[in-house]
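The structure appears right after this line, and notes come after that.
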Amino acid sequence: MTMGGRSDRMDKNWKLQRYNRKDYSELVEFPVEIVGRDGVVRRYTFEDSIRLYQRRITFAPIRYRDMELIRAEVHHCRSRIDQLRRSYFHRFGWGTPEGQPDAEEVFGELAGELAAFVCRVLHCDGRPEIRFEQLREEENGVSTWYITPEGASSGMLLYVHRFQGGEADKVREGFFGSLKSLERMGRCDGDGERLLAFHHTVDCGFVLTGRGGEYQSLIATKDEIPATVDLTPTPWDEVLEMIRRGEHEVALRRCRAMVQEQPWHRQAYIAGAMLSVYLGEHAGAEELALVGSRYFREDGTLQYYLGAARLRQGRVAEGEASLRRALELSPGLVAARTSLVVALLRRRAYSEALTALKGRDPVNVDDKRADAALDRLETWLRWRRTILVLGGLLAVLGLATIPLTWMGAFPAVAGLVALALGWFAFQRQVDALLARQRVEEVRRGLRRLARTKTSTHLVS
C-alpha cells in the first residue's frame with residue numbers, strides 16, 4: 001500500500017470515528033448553534049437548521065466518494081433532524097389533554113415540524129392552544145385533521161403529507177397538485193374550501209384550509225391584513241432581469257444563493273445550470289443540475305443541462321445517457337435532442353443520430369425554429385448517405401478502370417471530390433447548428449423559464 005493509500009484510510013477511519021461519537025439524545029435550544037466545516041459557529045432558526053441538514057443529505061454523494069462515509073453522513077444528518085424536531089416540540093409544542101395520545105405518538109418525527117408550522121400560522125411564540133381531531137386516517141401517505149384554535153368560532157382542515165418510502169414522488173406530486181387546485185378555488189368568490197397556508201420540506205408537506213369567509217377569524221384580525229398588494233419585484237424577478245441585461249455572472253451567484261435558501265426552487269436550479277453552461281463553468285452546471293434533479297426527478301430540463309455539462313467535460317457516455325433521459329421525460333425539448341444528435345455525430349454514430357431525429361412531433365416542441373433546423377439536419381444526413389454511396393461507387397469504378405484506360409481517372413476524381421465536398425458541407429452544417437445553439441442558449445432558456453409560473457407562497 002502506498003503512503004497516499006494509508007493516509008486516505010486513516011483519514012476515513014478518523015471521520016467514521018467522529019460520526020460514531022455523536023450524541024443525539026440531548027435537547028437543544030433555539031436558535032441552535034452549529035459548527036460549520038470552516039470551524040465557525042453560526043446560529044440557526046429551527047427551519048434553517050432542518051434545511052441545512054437536509055441539504056447535507058443531498059450533497060453527501062457529491063461530498064464523499066466512499067460509500068461508508070456517505071452512509072455515515074446521511075445517518076448523522078437524519079439523526080440530527082430527528083433531534084431538532086424532538087427538541088422543538090418539547091419546548092414549543094402544544095399540550096395533550098389527559099387520556100389522549102401524545103402528539104409525538106400520533107405524528108411521530110413530524111410533530112416538531114408541524115408545531116413550527118402551526119406557531120407561524122397562528123402568530124404565536126410557542127405552546128399554541130389548539131385541539132386536533134382526526135377526520136381520515138393516513139392513506140397513500142396523506143392524513144386529514146380538523147384543528148381548532150382556542151377561542152376560535154370555527155376550525156381548519158389540515159392535510160399532512162409524508163414524502164417517504166417508494167411512493168414519496170407520487171405523494172409529493174399529489175401535494176403540489178392539491179395546492180394548484182386550492183389556489184384556483186381561492187380566486188373565486190364563495191364559501192368553499194380555500195387555501196390558508198402551506199409548508200413543505202424534503203420529507204413532508206402540510207396544507208391548511210378553511211372556509212373562504214372565515215379567514216380573518218382563523219388567522220388574523222382585520223387590522224393585520226395588508227390593505228394593498230405588494231407589487232415589489234421578488235428575488236426571482238430580479239434574477240430574470242439581470243439575465244436579460246446580460247449580467248450573467250451576478251445572476252449565477254444569485255441563483256446559487258437562492259437554491260441554498262430554497263432547495264425546492266426549480267427555476268433557480270435551471271437558470272443557474274443554464275448560466276454555468278453558457279459561461280463555461282461546466283462542473284458548476286453539473287452540480288446545480290444534479291442537485292436539482294434529486295428534488296425534481298421527473299424534470300427533463302434539468303436532465304438536459306446535466307447531460308450538456310457532462311458532455312462538455314468529456315464524459316460522453318454519461319452525457320448521452322442524461323440527454324436520452326431528458327427526452328424520455330420531455331420529448332418536445334428540442335435543445336436536448338439537438339445536443340444528443342450532435343454528440344452522436346461527433347463520434348460518427350450516424351445511424352443512431354438518424355434514429356434520434358425520427359419520430360419527432362412538430363406540434364409539441366418547445367422551439368419550432370430550432371426544430372426546423374433539426375429537419376434540415378435530418379435531410380442533410382440522408383443526403384450525406386446518398387452522396388457517400390454514389391461518390392464511393394464512382395471512385396471505386398474509376399480506380400478499377402484506370403489500368404485499362406486513363407479515362408478512368410475522371411470518375412475516380414469525381415467520386416473523391418463528391419466525397420470530400422459532401423463531408424465538408426455536412427460538417428459545416430453540424431458546426432453551424434452547434435454554434436447557433438450555444439449563442440442562443442440563454443435566450444431560449446429564458447423562454448423556457450417564462451413558461452413556468454411561480455406560485456405565491458403564503459407560509460413557507
Side-chain angles (χ1 to χ4, degrees), residues 51 54-55 58-59 62 172 176 179-180 200 202 232-313 319 322-323 325-327 329-330 332-340 365-367 369-370 434 436-457 460:
R51 291 192 187 102
Q54 288 175 336
R55 283 199 300 270
T58 302
F59 280 98
I62 299 173
R172 188 177 290 110
F176 286 109
L179 286 182
K180 291 179 181 177
H200 65 86
V202 172
T232 57
T234 66
W236 174 243
D237 293 330
E238 293 174 355
V239 167
L240 290 178
E241 186 58 31
M242 287 176 188
I243 298 174
R244 292 188 186 101
R245 292 199 304 260
E247 300 172 7
H248 299 139
E249 293 85 355
V250 180
L252 176 57
R253 289 198 294 272
R254 285 287 189 90
C255 288
R256 290 186 175 279
M258 289 181 75
V259 298
Q260 289 290 323
E261 294 296 325
Q262 304 175 55
W264 288 94
H265 201 304
R266 171 185 175 270
Q267 292 97 325
Y269 286 113
I270 292 176
M274 173 190 73
L275 292 169
S276 297
V277 168
Y278 181 76
L279 295 171
E281 299 179 15
H282 305 313
E286 181 183 13
E287 179 185 315
L288 282 164
L290 182 61
V291 174
S293 65
R294 293 178 184 275
Y295 287 102
F296 303 95
R297 297 181 183 276
E298 303 300 312
D299 194 289
T301 305
L302 285 167
Q303 289 294 327
Y304 157 59
Y305 284 116
L306 183 60
R310 286 172 170 172
L311 280 177
R312 294 177 191 183
Q313 292 179 81
S322 296
L323 293 173
R325 176 61 178 159
L327 290 173
L329 298 171
S330 303
L333 188 56
V334 179
R337 194 175 301 276
T338 301
S339 293
L340 176 61
V365 294
D366 68 337
D367 191 327
R369 182 181 173 187
L434 187 59
R436 187 161 55 250
Q437 184 187 26
R438 287 178 175 171
V439 168
E440 298 182 356
E441 178 56 56
V442 172
R443 181 176 60 81
R444 290 173 177 169
L446 271 176
R447 285 211 303 269
R448 282 193 292 270
L449 288 169
R451 294 189 191 103
T452 307
K453 294 184 179 179
T454 311
S455 60
T456 301
H457 292 216
S460 181

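With values rounded to the nearest 0.5 angstrom, S339 atom OG is found 7.0 Å from L311 atom CG. Y305 OH to L288 CG: the interatomic distance, rounded to the nearest 0.5 Å, is 12.0 Å. One distance of note links NE2 of H200 with CZ of R172; it measures 9.5 Å at 0.5 Å rounding. The line from CD1 of I270 to CZ of F296 is 8.5 Å long, rounded to the nearest 0.5 Å. How far CG of L290 is from CG of L306: 6.0 Å, rounded to the nearest 0.5 Å.
The pair E298-R325 meets the salt-bridge criterion, with a side-chain N (NZ, NE, NH1 or NH2) lying under 4.0 Å from an Asp/Glu carboxylate O.
Residue L323 comes nearest to A336 through the heavy atom pair CD2-O, 4.1 Å, listed as atom of the first residue, atom of the second, then distance. Closest approach of L275 and A251 over heavy atoms only: CD1-CB, 3.7 Å. Closest heavy-atom contact between A309 and E286: CB-N, 3.6 Å. What you find for H248 and Y278 is that their closest heavy atoms are ND1-CE2, 3.5 Å. Considering every non-hydrogen atom in both A268 and V259, the closest pair reads CB-CG1, 3.6 Å. Pairing each heavy atom of H282 with each of Q313, the nearest pair is O-NE2, 3.6 Å.
With hydrogens and angles ignored, the 3.5 Å screen pairs a side-chain donor or acceptor of R55 with a backbone N or O of Q260. Judged purely by atom type and a 3.5 angstrom limit, E247 has no side-chain atom pairing as donor or acceptor with the backbone of I243.
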Between D299 and S293, does the side chain to side chain contact (heavy atoms under 4.5 Å, CB included) criterion hold? Intermediate values first, please. CA-CA 7 Å; D299 194 289; S293 65; over 6 Å; no
Let's go through M274 and T301 carefully: what are the C-alpha distance in whole Å and the side-chain angles of both, what is the deciding distance for side chain to side chain contact (heavy atoms under 4.5 Å, CB included) to 0.1 Å, and is it a yes or a no? CA-CA 10 Å; M274 173 190 73; T301 305; over 6 Å; no
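Looking at L279 and E249, their side chains come closer than 4.5 Å, going by heavy atoms from C-beta outward. Taking the side chain as every heavy atom from C-beta outward, L327 and Y304 never approach each other to under 4.5 Å. Taking the side chain as every heavy atom from C-beta outward, V239 and Q267 never approach each other to under 4.5 Å.
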